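The structure appears right after this line, and notes come after that.
These figures come from a predicted structure and were not determined experimentally.
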Amino acid sequence: MAALANKSALVARPTVRPFTSRRVMAVRAQALSQDELKKQAAWKAVEYVKSGMVVGLGTGSTAAFAVDRIGQLMKEGTLTNIIGVPTSVRTYEQAKGLGIPLATLDEQPKIDVAIDGADEVDPKLDVVKGRGGALLREKMVEMASAKFVCIVDDTKLVEGLGGSKLAMPVEIVQFCHKYTLARLAALPEVAGCEAKLRMEGDKPYVTDNSNFIVDLYFQTPITDSHAASKAILALEGVVDHGLFLDMVDVCIIAGTTGVEVKERK
């Protein structure tokens with residue numbers, strides 16, 4: 001899956017420049033729950049969806065609010081002729097239940113906009129994704145999208161990727177997974193990380209693609225995310241990783257002071 005690293009081969013992209021920020025909603029949100037903040041970000045993101053679009057449908061608790069909103073607007077007739085491209089089996093099932101017409105990248109290789117959450121967002125709008133286990137399909141869909149809108153609450157903001165000390169996932173094939181895990185842990189580019197096979201009960205967690213996941217845990221942020229990305233992808237047995245670099249076009253952040261939109265021009 002190293003070929004996915006070159007998104008420009010699939011979709012014409014604007015030159016990456018420092019993002020601009022604008023405050024779009026003043027909200028006194030001290031009493032708002034994290035789910036309510038996620039919903040605010042998701043609903044704002046759906047404003048980027050117009051009738052006739054092909055839309056990448058993300059996976060996770062925040063993205064689920066966006067899928068629900070798209071379904072609601074279609075039912076009301078506000079949005080028409082939408083085709084959704086889901087990034088996981090559970091998103092497929094959610095969207096199908098809402099009556100959203102669905103396709104895969106085989107039928108719709110060019111996506112107008114993708115909406116998805118993230119586990120970490122750094123000041124450059126690079127993100128970590130995949131703690132929900134859908135990182136490969138998410139990356140494929142979002143690489144094929146003309147615009148990737150990332151939606152988070154402000155607890156996901158970090159100074160550097162890996163800075164939350166939570167998992168940075170790597171999807172690997174099942175064959176000789178212990179060997180691949182050991183090689184990941186030994187990479188100089190991720191020195192100091194702890195590599196753990198993700199478990200589901202007493203068995204390894206299996207992705208929608210029948211692969212395993214190794215979670216990397218960092219005590220300090222990754223020194224060079226691009227170097228880490230290249231080194232991880234170079235290992236035989238690695239399918240892809242949860243570093244989504246130079247991919248996010250718009251990040252919508254819901255916090256206690258309102259909803260903020262950060263754009264990469």
Inset, instruction - Output all residues satisfying side-chain hydrogen bond (donor to acceptor under 3.5 Å, both in side chains) with Asp153, sequence neighbours left out; order by chain, then residue number. - result: Gln34, Thr155

Inset, instruction - For the pair His177 and Phe212, name the ring-plane relationship: parallel under 30°, tilted 30 to 60°, perpendicular over 60°. - result: perpendicular

Legend entry - Residue pair Ala118 / Val127: nearest heavy atoms and the distance that separates them: CB-CB, 3.9 Å

Inset, instruction - Grab the two heavy atoms, one from Ala144 and one from Pro109, that are nearest each other, plus how far apart they are. - result: CB-O, 3.6 Å

Legend entry - Leu102 with Val55, same ILVMFWY side-chain cluster at under 4.5 Å: yes

Legend entry - Interatomic distance, Lys129 atom NZ to Lys156 atom NZ [nearest 0.5 angstrom]: 9.5 Å

Legend entry - Where Cys150 and Val121 come nearest, the two heavy atoms and their spacing: SG-CG2, 4.5 Å

Inset, instruction - Look at the side-chain heavy atoms of Ile, Leu, Val, Met, Phe, Trp and Tyr, link any pair under 4.5 Å apart, and say whether Val250 and Trp43 land in one connected group. - result: no

Inset, instruction - Please tell me if the side chains of Leu57 and Ile70 come closer than 4.5 Å, counting only heavy atoms from C-beta onward. - result: yes

Legend entry - Side-chain heavy-atom pair Ile115, Val67 within 4.5 angstrom cut-off: no

Legend entry - hydrophobic_cluster_shared for Met199 and Ile172, side chain cutoff 4.5 Å: yes

Legend entry - Non-hydrogen side-chain atoms of Val239 and Val173 separated by less than 4.5 Å: yes

Inset, instruction - Say whether, by atom type as modelled, one donor and one acceptor occur between the side chain of Asp249 and the main chain of Arg264 under 3.5 angstrom. - result: no

Inset, instruction - Check the pair Arg131 / Glu120 against salt bridge (Lys or Arg N to Asp or Glu O under 4.0 Å), numbers first and verdict last. - result: CA-CA 10 Å; Arg131 289 180 190 151; Glu120 295 181 359; 3.0 Å; yes

Legend entry - Any donor-acceptor N/O pair, Lys139 side chain to Gly242 backbone, under 3.5 Å: no

Inset, instruction - Output, in order, the C-alpha distance, side-chain angles, deciding distance and verdict of side chain to side chain contact (heavy atoms under 4.5 Å, CB included) for Leu184 and Val170. - result: CA-CA 9 Å; Leu184 281 167; Val170 180; 4.0 Å; yes

Legend entry - Donor-acceptor under 3.5 Å (Arg69 side chain, Glu47 main chain): no

Legend entry - Shortest non-hydrogen contact between Thr78 and Ser51, atoms and distance: O-OG, 3.7 Å

Legend entry - Residues Asp215, Arg198: salt bridge by 4.0 Å N-O rule: yes

Legend entry - Side-chain heavy-atom pair Ile232, Leu216 within 4.5 angstrom cut-off: yes

Inset, instruction - Drop me the distance from Asp246's CG to Leu125's CG, to the nearest 0.5 angstrom. - result: 10.0 Å

Legend entry - Gln174 and Val206, any side-chain heavy atoms less than 4.5 Å apart: yes

Inset, instruction - Decide whether Gln72 and Glu76 meet the rule of one side-chain donor and one side-chain acceptor closer than 3.5 Å. - result: yes

Legend entry - Val149 backbone acceptor or donor facing Asp116 side chain under 3.5 Å: no

Legend entry - Heavy-atom check, side chain of Val158 versus side chain of Pro221, under 4.5 Å: no

Inset, instruction - Count the heavy atoms of every other residue, nucleotide or ligand shown that sit under 6.0 Å from CD of Glu159, and state whether that count exceeds 12. - result: no

Inset, instruction - List the atom of Ala185, the atom of Ala195, and the distance in Å for their closest heavy-atom pair. - result: CB-CB, 3.9 Å

Inset, instruction - Rounded to the nearest 0.5 Å, what's the gap from CG on Asp126 to CE on Met247? Could you check? - result: 10.0 Å

Inset, instruction - Kindly work out whether a path of hydrophobic side-chain contacts (I/L/V/M/F/W/Y, heavy atoms less than 4.5 Å apart) joins Tyr217 to Leu187. - result: no

Legend entry - Any Leu135 side-chain heavy atom under 4.5 Å of Ile213 side chain: yes

Legend entry - Interatomic distance, His226 atom NE2 to Thr223 atom OG1 [nearest 0.5 angstrom]: 14.5 Å

Inset, instruction - Count the heavy atoms of every other residue, nucleotide or ligand shown that sit under 6.0 Å from CZ of Phe218, and state whether that count exceeds 12. - result: yes

Inset, instruction - Could you tell me whether the side chain of Glu171 and the main chain of Asn211 form a donor-acceptor pair under 3.5 Å? - result: no

Legend entry - side chain to side chain contact (heavy atoms under 4.5 Å, CB included) assessment of Leu161 paired with Leu243: CA-CA 8 Å; Leu161 299 184; Leu243 294 170; 3.8 Å; yes

Legend entry - Arg183 with Glu236: basic N within carboxylate O range, under 4.0 Å: yes

Inset, instruction - For Arg137 and Thr59, indicate whether the former's side chain and the latter's backbone hold a donor-acceptor pair under 3.5 Å. - result: no

Legend entry - Short side-chain to backbone donor-acceptor contact, Asp208 and Val89, under 3.5 Å: yes

Legend entry - Check: Glu142/Ser145 side-chain N/O donor and acceptor closer than 3.5 Å: no

Inset, instruction - Check whether any side-chain heavy atom of Val152 sits under 4.5 Å from a side-chain heavy atom of Cys251, and report yes or no. - result: yes

Inset, instruction - For residues Gly130 and Glu138, report the shortest heavy-atom separation together with the two atoms involved. - result: N-OE1, 4.0 Å

Legend entry - side chain to side chain contact (heavy atoms under 4.5 Å, CB included) between Val46 and Phe65, intermediate numbers included: CA-CA 10 Å; Val46 174; Phe65 285 114; over 6 Å; no

Legend entry - Between CD on residue Glu107 and CG on residue Leu105, distance to nearest 0.5 Å: 9.0 Å

Inset, instruction - Mind checking the CD1-NZ spacing from Ile253 to Lys262? Nearest 0.5 Å is all I need. - result: 4.5 Å

Inset, instruction - Please report the C-alpha distance between Met168 and Val190 in whole Å, then the side-chain angles of each, then the deciding distance to 0.1 Å, and finally whether the side chain to side chain contact (heavy atoms under 4.5 Å, CB included) criterion is met. - result: CA-CA 11 Å; Met168 197 289 282; Val190 295; 5.8 Å; no

